[in-house]
Amino acid sequence: MSLKSSIKTVLTLGQGVVTGIPEAAADADPIELFRSWLETAVEAGIHEANAIALATATPEGAPSVRMVLLKGIDERGFVFYTNYESRKASELDANPKAALCVHWAVLERQIRVNGTVSRVSEAESAAYFETRGRGSRVGAWASLQSRPLPDREELEARVREVRERFEGSDVSLPPFWGGYRIEPTAIEFWQGKADRLHDRLVFTREATGGWSTQRLYP
Ligand SMILES: Cc1cc2nc3c(=O)[nH]c(=O)nc-3n(C[C@H](O)[C@H](O)[C@H](O)COP(=O)(O)O)c2cc1C
């Protein structure tokens, strides 16, 4: 092993260039694998390990991408929260397909997901909204996310107005705010390896509900 590879091995806690992705069993669950890689990233001390790049597109196919925080993973898919009147929301409402990508550099790992998107229930959004700090809840009410803001003063004035409105009471879930769930149709795991001979393993959802797997050249 070269000196560079040895250093990488130390930096990646031995995972980057030493351990590949094992052959997936026919019944392997890629959502569980996603969860386990995210857990490893959190344990490695990566700040905001749940930050993902979320790609959406207009019905005409013009793409846009931004970071969001992944707030839920279960067998139904991947959940993030946002303003339902934002640019991403209007793109998703018109074209309910999305892709996400997460990269944990120190672990030399990347995961890509493609899927179809739907809004989570209001009850699910409300339950998550409850867990946010009061400041973030006020911020959700105050922000007209993605729309033009003439100056910072206007935002601060809106925040003051929301604070006054909810003084002495709970900050409820705004009707224009909530979650989306990406139900995956494909999930690709990428593990960096020495000499750029990386491991790539793609799980594709079958019509039967199970997953097929395929390795790809790096
Ligand atoms: C690390 C990180 C995490 C973010 N998390 C969220 C999030 O969970 N929800 C959200 O609406 N915006 C989040 N943002 C802000 C978005 O990147 C983006 O600016 C905003 O959602 C407006 O995007 P849009 O105009 O494409 O709708 C985050 C930004 C960063 C850098």
Side-chain angles (χ1 to χ4, degrees), residues 31 34-35 37-74 76-156 158-159 162 171-184 187:
I31 296 179
F34 189 114
R35 208 199 300 273
W37 277 29
L38 175 58
E39 221 171 87
T40 303
V42 170
E43 282 163 9
I46 295 171
H47 178 61
E48 292 193 334
N50 60 333
I52 57 174
L54 170 78
T56 56
T58 63
E60 295 73 41
S64 65
V65 63
R66 79 291 289 153
M67 302 302 293
V68 294
L69 295 178
L70 184 60
K71 288 293 178 179
I73 307 177
D74 64 22
R76 294 168 296 168
F78 304 92
V79 176
F80 63 90
Y81 290 89
T82 194
N83 184 306
Y84 283 148
E85 293 168 2
S86 63
R87 175 178 174 180
K88 73 181 87 50
S90 53
E91 291 183 0
L92 287 172
D93 292 344
N95 175 21
K97 291 184 186 137
L100 71 82
C101 183
V102 57
H103 172 223
W104 299 298
V106 74
L107 299 173
E108 297 192 47
R109 283 178 167 178
Q110 168 182 254
I111 309 179
R112 297 162 67 175
V113 175
N114 287 80
T116 53
V117 174
S118 55
R119 292 186 180 192
V120 307
S121 69
E122 197 180 323
E124 196 173 343
S125 293
Y128 170 69
F129 196 69
E130 281 288 298
T131 69
R132 290 165 55 105
R134 192 174 176 89
S136 301
R137 282 182 276 159
V138 167
W141 273 101
S143 175
L144 303 173
Q145 193 177 59
S146 310
R147 279 145 290 175
L149 172 64
D151 52 38
R152 183 88 198 165
E153 289 301 301
E154 181 165 314
L155 177 60
E156 284 163 10
R158 287 181 63 87
V159 168
V162 173
V171 182
S172 57
L173 175 72
F176 53 82
W177 196 97
Y180 283 97
R181 176 173 284 106
I182 306 174
E183 188 184 331
I187 307 183

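One-based numbering, in listed order, for ligands and for the atoms of each.
Around ligand 1 you find Glu48, Arg66, Met67, Val68, Leu69, Tyr81, Thr82, Ser86, Arg87, Lys88, Gln145, Ser146, each with a heavy-atom distance below 4.0 Å.
In terms of the side chain to side chain donor-acceptor pair (under 3.5 Å) criterion, residue partners of Arg87 (sequence neighbours excluded) are, by chain and number, Glu91. Legend: residues meeting side chain to side chain donor-acceptor pair (under 3.5 Å) with Glu48, ordered by chain and number and at least two apart, are absent. With sequence neighbours excluded, no residue forms a salt bridge (charged side-chain N to carboxylate O under 4.0 Å, His left out) with Arg132.
In this structure, Tyr180 has its ring center closer than 6.0 angstrom to the ring center of Tyr84.
With a 6.0 Å cutoff to the six-membered ring centre and a 45° limit on the axis angle, Arg181 does not count as a cation-pi contact of Phe78.
Arg158 and Ser143 are not linked by any side-chain donor-acceptor pair at a separation below 3.5 angstrom, with hydrogens and angles left out of the test.
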